[in-house]
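The figures that follow rest on heavy atoms only: side chains count, while hydrogens, waters and symmetry mates do not. This one's a predicted model, so the numbers in the text were calculated from it and none came from an experiment.
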Amino acid sequence: MKFWILPFLIFASLTARAEDVRIQIWHQMIYGHRQVLAEALEKFEKENPGITVQATYRETEELRSSFQSAAMGGSGPELVYGPSDQVGPFATMGIVRPLDEVLGSDYFQNFDPLAAPVYDGKHYMIGDAVGNHLMLLYNKKFITTPPKNSQELIELGKKMTVDTNGDGKIDRWGLVFNYTEPFFFAPFIPAFGEAFLKADGVTPNLNTTALKDTFQFILKLRDQDKIIPKECDYETANALFKENKAAMLINGDWSWGDYQQAKVDFGIARIPMISETGKWPSPLVGTKGYSLNSNMKSEAHYEAAVKLLKYLTSTPVQLLFAEKVGVLPSNLQARESDIVKNNPLLKISADIMEVGTPMPVTPEVRAVWDSLRIQYQKVLAGSLQPQAAAEQAQITAEQQIRDMNEVLTPGVGATVLKVIFGIGIVLLIWLTRNSLVAFFKGFRGPQRFAYYMMLPAFIGIFAVIIYPFFYNIAISFSNFSLRTFQDWSLVGFHHYIAALSDPRFYSLFLKTVIWTVVNIVFHVSIGVFLAVIINQVIAGKGFWRALLIIPWAVPQYITALTWRAMFNQEYGPINIFLQQFLHMSPVQWLSQPTTAFAACILTNVWLGFPFMMIVALGGLQSIPSSLYEAARLDGANAWQRFRHITWPLLLPVMAPAALLGSIWTFNNLNVIWLVSNSGEPGDQTHILVSYVYKAAFNLYRYGYAASVSVIIFLILVVWGLGSLKSQFKKETK
């Protein structure tokens with residue numbers, strides 16, 4: 001009797017848990033905001049015991065790409081939180097639900113219009129705060145009155161930029177900001193005369209004197225006035241301001257809570273007016289808000305998600321964020337609270353927004369940002385003049401917008417393709433008919449228990465490997481893109497022809513081959529060298545094995561970002577070492593194409609050699625010591641023993657490892673994407689796989705990206721089979 005009690009209890013507990021509704025939120029809130037969100041969600045769960053909420057942080061670009069990928073499969077989080085410029089792409093794809101039919105039109109009257117962006121006449125997002133705009137932050141320890149115009153900014157910046165100990169290195173900068181990204185220099189463009197978008201929010205307006213003058217203004221701040229660092233990304237600027245190593249910073253209202261926690265006494269002001277034009281820089285003003293996934297698991301999930309959405313945009317929660325991290329509530333009722341009215345930062349922030357420009361939410365903005373980024377970084381690297389960069393940015397933006405919005409129509413090629421696919425499926429079923437029949441019969445035969453035990457693994461392999469593989473092949477022959485996300489169809493070989501006729505494909509392929517060969521050569525040589533030393537010479541072998549495996553064991557994401565910081569021109573340990581110990585000039589690692597590519601290779605070598613070392617150690621331990629003893633008796637030196645004994649016997653072990661390593665390296669997106677910050681400078685550090693990622697998730701060209709990924713797969717199949725065949729011939733001689 002007791003035997004049946006345990007299954008009953010398990011079933012009862014599972015049934016009880018099944019009544020709970022689990023809601024997921026994907027967001028990109030910074031650390032201080034995440035803490036407030038956790039506090040709000042904890043209270044929500046207590047008030048709604050049948051609902052469990054899981055909040056997952058993702059960096060902004062990762063959030064976009066992951067949500068799009070999940071939406072392809074009809075899944076994803078119930079709520080997604082991010083900046084307002086993701087509204088247009090998500091709405092066009094049909095992966096977020098219009099909120100008008102959910103909340104009612106009257107609901108939005110309680111919010112600032114900026115917090116309820118409209119796209120195609122509908123609301124797809126509701127923001128919990130208004131602003132998300134750039135401003136000048138100044139450290140009151142050094143500055144009491146912020147500069148009013150660019151001339152004052154430069155004069156004050158020069159005074160604040162000091163080398164306190166006389167070692168030739170700047171210890172405090174006058175101004176820091178992430179000036180390599182378009183979003184951070186975009187406010188200056190209208191201050192020089194013209195906006196970077198036409199009034200329709202779609203057409204780029206980049207080939208202008210205003211953009212050229214903006215480029216020159218940033219160059220002047222860096223190279224002539226020397227009040228900003230030679231290299232400065234967001235993390236560097238953020239750290240310098242926190243550590244009182246920068247007097248002024250251009251950043252957004254989202255950063256206030258972070259600096260308050262760091263005990264920085266700061267004030268805020270408008271970005272100074274441009275003295276030459278008499279116009280104020282116009283930061284983009286928008287919101288970060290919540291959108292509902294159009295793919296809901298059930299009606300219960302839908303109702304719970306709507307309840308959570310209303311709660312997170314309610315007055316109490318917005319006041320909690322306003323009090324803890326100092327953001328301006330989007331709820332008009334919340335703004336009447338003393339928490340908001342008595343906050344001096346929010347008062348000044350509202351004044352700054354008066355000269356701001358509403359953030360465009362159309363999908364085409366992504367193409368404009370990307371084209372700006374490419375040409376601007378070439379200007380910073382000194383490889384392109386500002387006027388030429390402005391002209392090329394316009395051309396690139398227009399071309400990318402055309403590619404993004406292209407909708408291919410099925411033609412004769414689609415019919416031919418369907419016939420080929422049909423014949424292929426019938427042929428595959430015919431060739432495997434005996435195996436399929438035997439497989440299904442196995443579920444009724446004497447070994448049926450084993451078959452049922454294998455079934456979950458088979459389903460998992462099919463869902464994770466087989467189905468996505470063939471789905472990707474189908475996409476590569478389709479018109480799957482931004483405009484056809486929910487209604488794509490096969491169109492033929494268009495994308496393959498476009499990829500193979502594009503000269504850039506071959507230049508990227510050559511760069512990918514160089515990337516792979518150089519990495520594998522160093523992986524294998526360093527790995528074997530260390531393995532030989534550990535195996536024969538060094539005492540404490542276990543300790544050294546554990547120590548040297550760390551680079552491979554640490555997640556690539558963390559390692560890549562750490563190495564990126566190490567390559568910083570001003571503060572990176574690598575340049576400090578070169579200057580102090582080798583008396584060399586600092587290297588612009590991440591600002592020049594060749595050195596940026598070399599930086600990526602160095603990082604990947606660091607990540608990859610431990611695997612080869614462990615493989616080589618295993619191979620060395622299988623070599624009989626008697627062979628070395630005999631060689632010593634014959635007078636063979638260390639090099640001869642390695643050449644005639646170690647390497648020949650190690651080769652059968654290292655060859656498959658090198659083959660696997662080459663495939664991994666050929667497809668290694670993380671290092672290139674993170675160390676070079678998405679292909680900096682100017683998209684000149686890409687390899688094929690990062691190029692595919694950008695085409696898919698930045699420019700929404702899914703069909704084209706899928707075709708290039710299939711070509712990559714075929715290249716690796718040919719390479720892998722050729723290598724295995726060559727190795728087999730060597731072993732059978």
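Sparse packing is recorded around CD of Q447, with 12 or fewer heavy atoms of other residues, nucleotides or ligands lying under 6.0 Å away.
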**OP:** List the steps, then state whether side-chain hydrogen bond (donor to acceptor under 3.5 Å, both in side chains) holds for N472 with S709.
**Re:** CA-CA 8 Å; N472 185 73; S709 67; 3.0 Å; yes
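W430 carries R433 over the face of its six-membered ring, with the cationic atom under 6.0 Å from the centre and within 45° of the normal.
Note: Y452 and F443 meet the aromatic proximity criterion, with ring centroids under 6.0 Å apart. Outside the 6.0 Å centre-distance limit, the rings of Y700 and F485 are not counted as a close aromatic pair. Residues F477 and Y496 bring their aromatic ring centres within 6.0 Å. The ring of F440 has its center no closer than 6.0 angstrom to the ring center of Y451. Proximity of the aromatic rings of F666 and W719 is defined here by a centroid distance below 6.0 angstrom, and this criterion is not met.
Ring planes of F597 and W515: tilted class, angle from 30 to 60°. Classified by interplanar angle (parallel below 30°, tilted 30° to 60°, perpendicular above 60°), the ring pair W552/F611 is tilted. The aromatic rings of H686 and W673 sit tilted, their planes meeting at an angle between 30° and 60°. Ring planes of Y467 and F462: tilted class, angle from 30 to 60°.
Residues Y628 and T646 bring a donor and an acceptor atom of their side chains to less than 3.5 Å of each other. Judged purely by distance below 3.5 Å, without hydrogens or angles, the side chains of S65 and Y693 pair a donor atom with an acceptor atom. The closest side-chain donor-acceptor pair between T559 and W606, if any, does not fall under 3.5 angstrom. Side-chain N/O atoms of R402 and Q399 include a donor and acceptor closer than 3.5 Å. Side-chain polar atoms of E181 and N677 form a donor-acceptor pair below 3.5 angstrom. Counted by atom type alone, N178 and T180 present one or more donor-acceptor pairs between their side chains at under 3.5 Å.
At a threshold of 4.0 Å, the pair R64-E61 counts as salt-bridged, since one of the basic side-chain nitrogens sits closer than that to a carboxylate oxygen. Salt-bridge annotation for K694 and D370: present, with a side-chain N of the basic residue lying under 4.0 Å from a carboxylate O of the acidic one. For E680 and R373, the salt-bridge test passes: some basic side-chain N is under 4.0 Å from an acidic carboxylate O. Using a 4.0 Å cut-off between a side-chain N of Lys or Arg and a carboxylate O of Asp or Glu, R564 and D233 qualify as a salt bridge.
In this structure a side-chain-to-backbone donor-acceptor pair under 3.5 Å is present from N405 to I401. Side chain of Q377 to main chain of G682: a donor-acceptor pair is present (N/O by atom type, distance under 3.5 Å, no hydrogens or angles). A distance-only check finds a donor-acceptor pair linking the side chain of N575 to the backbone of V587 [under 3.5 Å]. Judged purely by atom type and a 3.5 angstrom limit, T685 has no side-chain atom pairing as donor or acceptor with the backbone of S676. Side chain of T396 to backbone of A393: no donor-acceptor contact under 3.5 angstrom is found.
In plain terms, the two heavy atoms of R545 and I534 that are nearest each other are CG-CG2, 4.3 Å.
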